[in-house]
Amino acid sequence: KNQVEQSPQSLIILEGKNCTLQCNYTVSPFSNLRWYKQDTGRGPVSLTIMTFSENTKSNGRYTATLDADTKQSSLHITASQLSDSASYICVVRTTDSWGKFQFGAGTQVVVTP
Amino acid sequence: DAGVIQSPRHEVTEMGQEVTLRCKPISGHDYLFWYRQTMMRGLELLIYFNNNVPIDDSGMPEDRFSAKMPNASFSTLKIQPSEPRDSAVYFCASSLTQGYGYTFGSGTRLTVV
């Protein structure tokens with residue numbers, strides 16, 4: 001069973017609108033949570049990274065939130081642009097082994113004109 | 001910096017053939033990771049190196065897969081013999097010791113027919 005669950009699986013939004021992606025995890029012990037953007041045919045690119053003590057972090061029009069108590073994170077995209085069309089992947093790292101990253105399946109976002 | 005460089009970008013090979021994927025990490029990064037991405041399973045960590053030494057290869061699917069890092073600027077992932085189920089996009093990523101500068105390459109799309 002995947003320890004990182006993302007929802008929705010896919011999303012279509014109109015250009016200029018806002019949207020929110022969800023990430024719930026059961027990974028423990030928790031070290032940090034990252035959101036990546038992956039354009040079609042490209043490697044993932046880091047958007048944000050948050051540790052246990054951080055609740056919100058922004059990167060331009062992208063704002064990530066983290067509730068470590070409920071083990072939930074969200075990624076909010078403000079005033080979406082066509083270039084936001086991509087897969088958004090939530091990744092949680094544990095503290096017990098450096099390489100142990102748990103990947104979500106991603107949310108495919110399509111922004112239409 | 002040119003980022004993490006992978007080659008080839010695309011590889012099509014016949015079942016049973018040997019396939020070698022190549023990666024040049026970002027200069028100064030001392031961690032290197034190999035990932036595989038498929039629609040069914042998402043991103044999976046195969047193996048990672050620290051200072052050219054393999055640390056965790058528990059994600060390598062079977063003995064047909066092998067990875068080497070002969071020096072700090074080069075790594076290979078070899079599949080011998082290849083099978084159709086190995087078809088996927090293989091990503092290489094590198095990182096600084098503290099794990100925050102985590103950068104992916106553009107990937108190698110492997111098709112085994």
Side-chain angles (χ1 to χ4, degrees), chain A residues 1-10 21 23-27 29-54 57 59 64 66 86-109, chain B residues 2-10 21 23-26 29-51 53-60 67 88-111:
Chain A
K1 177 172 165 54
N2 198 341
Q3 298 182 59
V4 180
E5 299 286 345
Q6 291 189 243
S7 62
Q9 190 174 41
S10 61
L21 316 179
C23 174
N24 297 338
Y25 62 92
T26 58
V27 175
F30 175 85
S31 175
N32 59 59
L33 184 147
R34 307 156 184 253
W35 282 95
Y36 282 88
K37 177 187 178 188
Q38 185 176 19
D39 293 313
T40 301
R42 306 294 296 273
V45 174
S46 181
L47 294 176
T48 65
I49 177 171
M50 289 184 291
T51 59
F52 185 87
S53 59
E54 296 176 295
K57 184 164 283 189
N59 178 357
L66 173 65
S87 178
Y88 292 84
I89 303 171
C90 174
V91 184
V92 181
R93 179 193 164 192
T94 64
T95 57
D96 56 357
S97 175
W98 203 97
K100 295 301 181 185
F101 290 87
Q102 297 289 345
F103 286 78
T107 292
Q108 185 69 43
V109 174
Chain B
V4 176
I5 300 173
Q6 291 187 244
S7 64
R9 286 299 307 275
H10 303 275
L21 313 181
C23 175
K24 176 179 168 55
I26 291 175
H29 282 191
D30 52 0
Y31 281 86
L32 183 141
F33 305 79
W34 281 101
Y35 285 88
R36 177 172 66 177
Q37 185 175 40
T38 62
M39 288 292 291
M40 291 295 294
R41 301 173 69 90
L43 271 166
E44 302 173 281
L45 176 64
L46 300 177
I47 184 172
Y48 77 92
F49 296 82
N50 176 217
N51 292 322
V53 176
I55 302 300
D56 186 348
D57 65 354
S58 59
M60 297 285 261
V89 180
Y90 291 81
F91 287 102
C92 175
S94 70
S95 176
L96 292 169
T97 301
Q98 297 303 317
Y100 277 60
Y102 201 81
T103 303
F104 281 84
S106 297
T108 294
R109 181 174 294 278
L110 174 65
T111 304

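A note on names: the letters A, B, ... follow the listed sequences, proteins ahead of strands, and every chain is numbered from 1.
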Atom pair OH (A:Tyr36) and CZ (B:Phe104), whose distance is rounded to the nearest 0.5 Å | 5.0 Å

Among B:Glu44, B:Gln37, B:Arg41, residue most engaged with chain A (heavy-atom pairs, under 4.5 Å) | B:Gln37

For A:Lys57, the side-chain hydrogen bond (donor to acceptor under 3.5 Å, both in side chains) test, sequence neighbours excluded, returns A:Glu54

Determine the minimum heavy-atom distance between A:Gln38 and B:Phe91, stating which atoms define it.
-> NE2-CZ, 3.2 Å

Please state whether the side chain, the backbone, both or neither of B:Arg9 comes within less than 4.5 Å of a heavy atom of chain A.
-> side chain

